[in-house]
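Everything on this sheet refers to the single structure shown next.
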Amino acid sequence: MKEKELRRTLAVLPIGTVIKLTDLTARQIRYYEEQGLVTPKRNKGNQRMYSLNDVDRLLEIKDYLADGMNIAGIKYVYQQQQADQQAQKQRPVTDDDVRRILHDELLAAGGLDHHDQRASLYHQNPKK
DNA sequence: ATTCTTACA
DNA sequence: TGTAAGCA
C-alpha cells in the first residue's frame, strides 16, 4: 500500500496535461502556486512538472473556490492540515482532537456560516 | 509546439 | 484573470 502512494508523488505531468485534467487555465495554476497552494517540481528546462497528488490538490482548490472560499481560506485549511499532521507525530490523537480538527475545517470550508459571508476573511468578496 | 516570466489598452 | 511579448 506504499507503492501506489509513491507513484502518486512522481512529478511527470507538464502543465498542458494538468490543464486538460483540471479545466483550469495556466494562469490560474501558476497563480495558485504563487500562493503556495501547490509546489510542482521543475525539469531541466525550468518547466513545471506535476504529480497526480498535485492534480488532486488543484481539483480540490477548484472545488473550494467554487464553494466561495478565497485563497486565504484554502491556505488556512492546508496550513492547518500540516500542523495537524505535525502534532500527530508527537502526540497520539484523542477523540477530542479529531472533533476539533473536523470542526475547524468545516468552518473554514464555509459550510457553517452562510449567513454573514462578508464578515469572514475566508470567503470571496462577491463584487456585486 | 510548449512553457516560462513579466507586464498591463 | 486574460492576454500579449520575447525567450528557452
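Naming: A, B, ... by sequence-line order, numbering from 1 per chain. Please read these numbers as outputs of a predicted model, since none were measured by experiment.
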### Residues which pass side chain to side chain donor-acceptor pair (under 3.5 Å) with A:D63, listed by chain and number, not counting sequence neighbours
none
### Task
List in chain and number order the residues that pass side chain to side chain donor-acceptor pair (under 3.5 Å) with A:Y32, two or more places apart in sequence or in another chain; answer none if no residue qualifies.
none
#### Entry: Residue pair A:D96 / A:R100, side-chain heavy-atom distance below 4.5 Å
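The answer is no, as the side chains (C-beta and beyond) never meet within the 4.5 Å cut-off.
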Between [atom1] on residue [X] and [atom2] on residue [Y], distance to nearest 0.5 Å:
X	Y	atom1	atom2	value
A:L65	A:I74	CG	CD1	4.5 Å
A:E3	A:L6	CD	CG	6.0 Å
A:E60	A:L37	CD	CG	9.5 Å

### Task
Indicate yes or no for a side-chain donor-acceptor contact from A:N70 to the backbone of A:L121 under 3.5 Å, with no hydrogens or angles considered.
yes
Set of side chain to side chain contact (heavy atoms under 4.5 Å, CB included) partners for [X], sequence neighbours left out:
X	result
A:S51	A:N53, A:D54
A:Q47	A:N43
A:R48	A:R30, A:E33, A:P40, A:R42, A:Y50
A:K62	A:D23, A:L24

### Task
Describe the nucleic acid contact of A:G45 in one word from base, sugar-phosphate, nothing, applying a heavy-atom distance below 4.0 Å.
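Answer is nothing: A:G45 stays at 4.0 Å or more from every strand.
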### Task
On DNA chain B, reading 5' to 3', which nucleotide is the first and which the last to sit with an atom under 4.0 Å from a heavy atom of chain A, could you check?
B:dT2 to B:dT5
### Message
Once salt bridge (Lys or Arg N to Asp or Glu O under 4.0 Å) is applied, do any residues pair with A:E34, and if so which ones, sequence neighbours excluded?
### Response
none
### Summary
Base-pair string, DNA chain B, Watson-Crick plus G-U, cut-off 3.5 Å on both distances, | for inter-strand, is .|.|||||.
#### Entry: Non-hydrogen atoms of A:M69 and A:V77 that approach each other most closely
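Smallest heavy-atom distance, with atoms named: SD-CG2, 4.4 Å.
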#### Entry: Residue pair A:M49 / A:A11: nearest heavy atoms and the distance that separates them
O-CB, 3.2 Å
### Query
Where along residues 46-62 of chain A does a heavy atom fall under 4.0 Å from DNA chain C?
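Per residue number, the list is empty: none.
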### Query
Which residues within residues 28-39 of chain A lie with some heavy atom under 4.0 Å of an atom in DNA chain C?
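Residues of residues 28-39 of chain A under 4.0 Å from DNA chain C: A:Q28, A:Y32.
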### Query
For DNA chain C, which nucleotides open and close the run of contacts to chain A, 5' to 3', at under 4.0 angstrom from a non-hydrogen atom?
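From 5' to 3', the first and last contacting nucleotides are C:dT1 to C:dT3.
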#### Entry: Candidate list A:D56, A:I61, A:V55, test side chain to side chain contact (heavy atoms under 4.5 Å, CB included), partner A:T22, passing option
A:V55
